[in-house]
Q: 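Questions regarding the structure given below will be posed in turn.
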Number of protein chains: 2
Amino acid sequence: MTAKKIKNMEEFSKVSGISRPTLSKYFHDPESVRKTTKAKVESALEEYDYRPNIFAINQNRKLTKTIGILVPYLADPFFAEIVRMIERQCIEAGFWPIVFSAHGERELENNALATLKSLRPAGALIAPMGRNSDLDVLRAFTDEVPTVVFDSNVAVGKAFVGSNNFQSIPLMVDYLCRTGEPPCFLEMPPVNPNANKRRDAYCMAMERLGHDPQVIQTAGGDWGFERIGLEEGVRLIDERSLPSDTILCSNDRLAIGLLAAAYQKGLRVGHGPGCALRIAGHDDHPWSRFTCPPLTTVSQDYRAIAERSVHILFGIMSGEDAEEERPEILFEGKLVMRASA
Amino acid sequence: MTAKKIKNMEEFSKVSGISRPTLSKYFHDPESVRKTTKAKVESALEEYDYRPNIFAINQNRKLTKTIGILVPYLADPFFAEIVRMIERQCIEAGFWPIVFSAHGERELENNALATLKSLRPAGALIAPMGRNSDLDVLRAFTDEVPTVVFDSNVAVGKAFVGSNNFQSIPLMVDYLCRTGEPPCFLEMPPVNPNANKRRDAYCMAMERLGHDPQVIQTAGGDWGFERIGLEEGVRLIDERSLPSDTILCSNDRLAIGLLAAAYQKGLRVGHGPGCALRIAGHDDHPWSRFTCPPLTTVSQDYRAIAERSVHILFGIMSGEDAEEERPEILFEGKLVMRASA
DNA sequence: AACATATTTTTGCGCGCGTAAAATTTCGAT
DNA sequence: ATCGAAATTTTACGCGCGCAAAAATATGTT
């Protein structure tokens, strides 16, 4: 394209020979105009440097092309990865994903929600923090914006997509009981519904197998899970207060911290001879396969969760309001057997 | 606040008893109006639900309150963490950070840049992909938007903030040579200027100490560094083609993969007796302290890089164009001695 | 060639707010 | 109480585009 700069659609209309309303139609959806017109516009676009003003567009359109994405903690690889996939999906569908992270703080979550709302997005995909969320704010948001909730099933929005903890945890408990000492369960203060469900699922699974559930709750409510796993792990090992040599952690990051604690204390982790501990996680975080030993865990189907969430949201956005019930799509976890348990 | 919804500033002007231009001033900068006026506005804000329309604001203001942030790969914990800090800084200063990730792809980087440009941000903080970036697009962007480049020193923008590889790498090389066999250097195909600088710094440091530099370049150009480290590590160990028992990796993620390879092959890593390998990294990634053994590395000062980048950008934005030269701020790395080397 | 239909053009208003200039009010200091 | 500076109000226009309705034109069919 040449150096010619076009200020607005009016000017571009002049140089391209297409009327402004038609141009408006074209930019909204290039396929909505006649092929010959489309060609004319596009050849003009190659010659002149013009992009419609985003703000002017969105000010007047009732439906923007923006998709809001909100996660509780973007530096968590689970969310980083799932956001990556969601973003890709949105872009491919011609939408503008915009990502917010609450950084683990209620105030920032509310802030992000308010900002997002004022962006008048076509839809939103949110993973609420859970217990630390401001339910009223969430509700006010989902009342206005078509929203799919993922990962953490807070009872707002038009649908939920996540993992079935009541399938995945028993899967792991069964495996651990079958192959060694029944596991105890290491959890953090339950920051979201998943944490509670996982603990309950653990207890139920243990009782069903005739074992006493042993839940160890750690202190600390921030998002430095590995650090908590390490510190609490060292403490538990020093105090010899682990009720079992097999520990199921409520998520992989906690397990990674616990692995580090075991290493520091000279305890060999794994299921072979000479191993003092078995450690298992949940989620199959991106780097769980690279721990030493590699972490046995239950995988969440990241891709499936991302794709289904986006798919459902698009359905809702295009007016398929037929659903009476708020659907809850739960994916099954798969056992990922590695060396740690 | 009550259920009363206010549609626009006009209506809010009526119910608050403050004229619209003054309200406009208030929302632009609450301190720019008289204290009594500010109080009146704020008490009205508690009673009525109103937020100025973002699009209308930005359409008319020459300078928006938006700050663009672009990183090559948000799922990389280094960037996730630094973005987290940058975002916080911006919010505290009353700006609106908006985060983009190129997901390692040139097309997406260009896309993000184009979107960002049309957002007319007050400034931008970008970490270009480097070799895979489209230099012309970067230049066109930085010509229009006041930009600070961080992490990867591509020669665009008004300033650069990053780490001094020529200080940090020799620091590690010195340490490794002093305490054992001189290291070989494991790198990936150089995706950005840092990779090249680190290799060169390694070679220079080795030669200065009278040793032969041994560079091992791995295959694979994607962002799955750990996987590459694992696969290449297994191959190198199987082939017995490691030129030294001490391996300095060009970054922690590669080192983490290599640790996994060593574990898999039954090689004990560390500097104690009975250890077959020493492995060191670079960056002090958030989870390097949780590996087994904990990773010896050189820390990058995340917080300093984030804070200085933002600080410089704000300076540029407020018109301190005095700088003739494009300043390059390089932070020194600190040796982080852990158990792996 | 004549017609029905689809598409484009013309015209003109509206969105919510920024901003400028002049008139008015408020405030603090004397 | 008086005055001048500072803040606010009044008035009015502009930003770039969406959108609606009517008129004009293009397209495809028989």
Side-chain angles (χ1 to χ4, degrees), chain A residues 5-45 48-66 96 114-115 117-122 144, chain B residues 5-45 48-66 94 96 115 117-122 144:
Chain A
K5 284 255 166 172
I6 271 55
K7 212 183 53 183
N8 55 26
M9 205 179 272
E10 194 75 44
E11 280 189 25
F12 187 66
S13 167
K14 274 188 197 136
V15 299
S16 64
I18 309 288
S19 75
R20 197 169 66 71
T22 304
L23 286 176
S24 177
K25 256 190 105 183
Y26 168 86
F27 285 114
H28 183 62
D29 175 13
E31 304 305 320
S32 69
V33 301
R34 200 154 41 205
K35 273 207 291 282
T36 56
T37 332
K38 178 164 176 257
K40 270 198 255 178
V41 175
E42 279 163 6
S43 83
L45 273 179
Y48 302 94
D49 184 15
Y50 170 69
R51 285 185 60 144
N53 181 305
I54 302 184
F55 303 107
I57 290 176
N58 288 311
Q59 174 172 15
N60 299 313
R61 236 203 299 264
K62 58 275 312 217
L63 236 56
T64 68
K65 283 276 188 182
T66 308
W96 294 28
T115 300
K117 189 159 69 172
S118 67
L119 247 28
R120 291 207 315 272
E144 283 194 18
Chain B
K5 284 253 166 172
I6 270 57
K7 213 184 52 184
N8 56 26
M9 204 179 273
E10 193 76 45
E11 279 189 27
F12 188 67
S13 167
K14 274 188 196 134
V15 299
S16 65
I18 309 289
S19 74
R20 198 171 65 71
T22 304
L23 286 176
S24 177
K25 257 191 102 183
Y26 169 85
F27 284 114
H28 183 63
D29 174 12
E31 304 305 320
S32 68
V33 302
R34 200 151 41 203
K35 272 207 294 280
T36 56
T37 321
K38 178 163 175 260
K40 271 197 254 177
V41 175
E42 279 163 6
S43 84
L45 273 179
Y48 302 94
D49 185 13
Y50 170 69
R51 285 186 60 143
N53 180 305
I54 302 184
F55 302 108
I57 290 176
N58 288 314
Q59 173 172 16
N60 299 313
R61 242 206 293 269
K62 58 271 312 199
L63 235 58
T64 69
K65 284 276 189 180
T66 309
W96 293 28
T115 300
K117 190 159 68 171
S118 68
L119 247 27
R120 293 208 314 272
E144 283 195 19

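Sequence lines set the chain letters: A, B, ... in the order given, protein chains first and strands last, and positions in each chain run from 1. In this text, all values refer to a predicted model and were calculated from it rather than measured experimentally.
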Q: How many angstroms lie between atom CG of A/Leu45 and atom CZ of A/Phe12, to the nearest 0.5 angstrom?
A: 4.0 Å

Q: How close or far is atom P of D/dG28 from atom NZ of A/Lys35, stated in whole angstroms?
A: 9 Å

Q: Could you tell me if A/Tyr26 and A/Glu42 have a donor-acceptor pair between their side chains, going purely by distance under 3.5 Å?
A: yes

Q: Whole angstroms only, please: what is the CZ-C1' distance between A/Phe27 and D/dC19?
A: 17 Å

Q: For B/Arg20 and for B/Ala56, find the nucleotide of DNA chain D with the closest heavy atom, then tell me which residue's nucleotide is more 5'.
A: B/Arg20

Q: OP1 or OP2 of C/dT8 versus the side-chain N and O atoms of A/Ser19: is any pair under 4.0 Å?
A: no

Q: Is any side-chain nitrogen or oxygen of A/Tyr50 closer than 4.0 Å to OP1 or OP2 of D/dC17?
A: yes

Q: Rounded to whole Å, please give me the gap between CG in A/Asn58 and P in C/dG14.
A: 22 Å

Q: Return no unless some side-chain N or O of B/Thr22 is found under 4.0 Å from OP1 or OP2 of D/dT8.
A: no

Q: State whether A/Ser24 places a side-chain N or O below 4.0 Å from either non-bridging phosphate oxygen (OP1 or OP2) of D/dG18.
A: yes

Q: So which nucleotide from D/dG18, D/dT8, C/dC17 ends up closest to the side chain of B/Pro52?
A: C/dC17

Q: With the threshold set at 4.0 Å, does a side-chain nitrogen-carboxylate oxygen contact exist between B/Glu31 and B/Lys38?
A: yes

Q: Respond yes when some side-chain nitrogen or oxygen of A/Thr37 is under 4.0 Å from OP1 or OP2 of C/dT8, and no when none is.
A: yes

Q: With rounding to the nearest 0.5 angstrom, report the CZ to OG1 distance, B/Arg51 to A/Thr115.
A: 5.0 Å

Q: Tell me which nucleotide among D/dG18, C/dC15, D/dC17 gets nearest to the side chain of A/Gln59.
A: C/dC15

Q: Specify the separation, in whole Å, of atom CD1 of A/Ile18 and atom P of D/dT25.
A: 16 Å

Q: Between D/dC17 atom C1' and A/Asn60 atom CG, what is the distance in whole Å?
A: 5 Å

Q: Side chain of A/Arg61 only, heavy atoms from C-beta on: which candidate in D/dG18, D/dT8, C/dT19 is closest?
A: D/dG18

Q: Hey, is the side chain of B/Asn8 poking within less than 4.0 Å of OP1 or OP2 on C/dG16, counting only N and O atoms?
A: yes

Q: Without decimals, in angstroms, what is the distance between B/Glu10 CD and C/dC15 C1'?
A: 13 Å

Q: Between D/dA6 atom C1' and B/Glu31 atom CD, what is the distance in whole Å?
A: 17 Å

Q: Could you tell me the separation between the CD atom of A/Glu11 and the C1' atom of D/dC15, rounded to a whole number of Å?
A: 13 Å

Q: Taking the side chain from B/Arg20 and the backbone from B/Met9, do they hold a donor-acceptor pair closer than 3.5 Å?
A: no

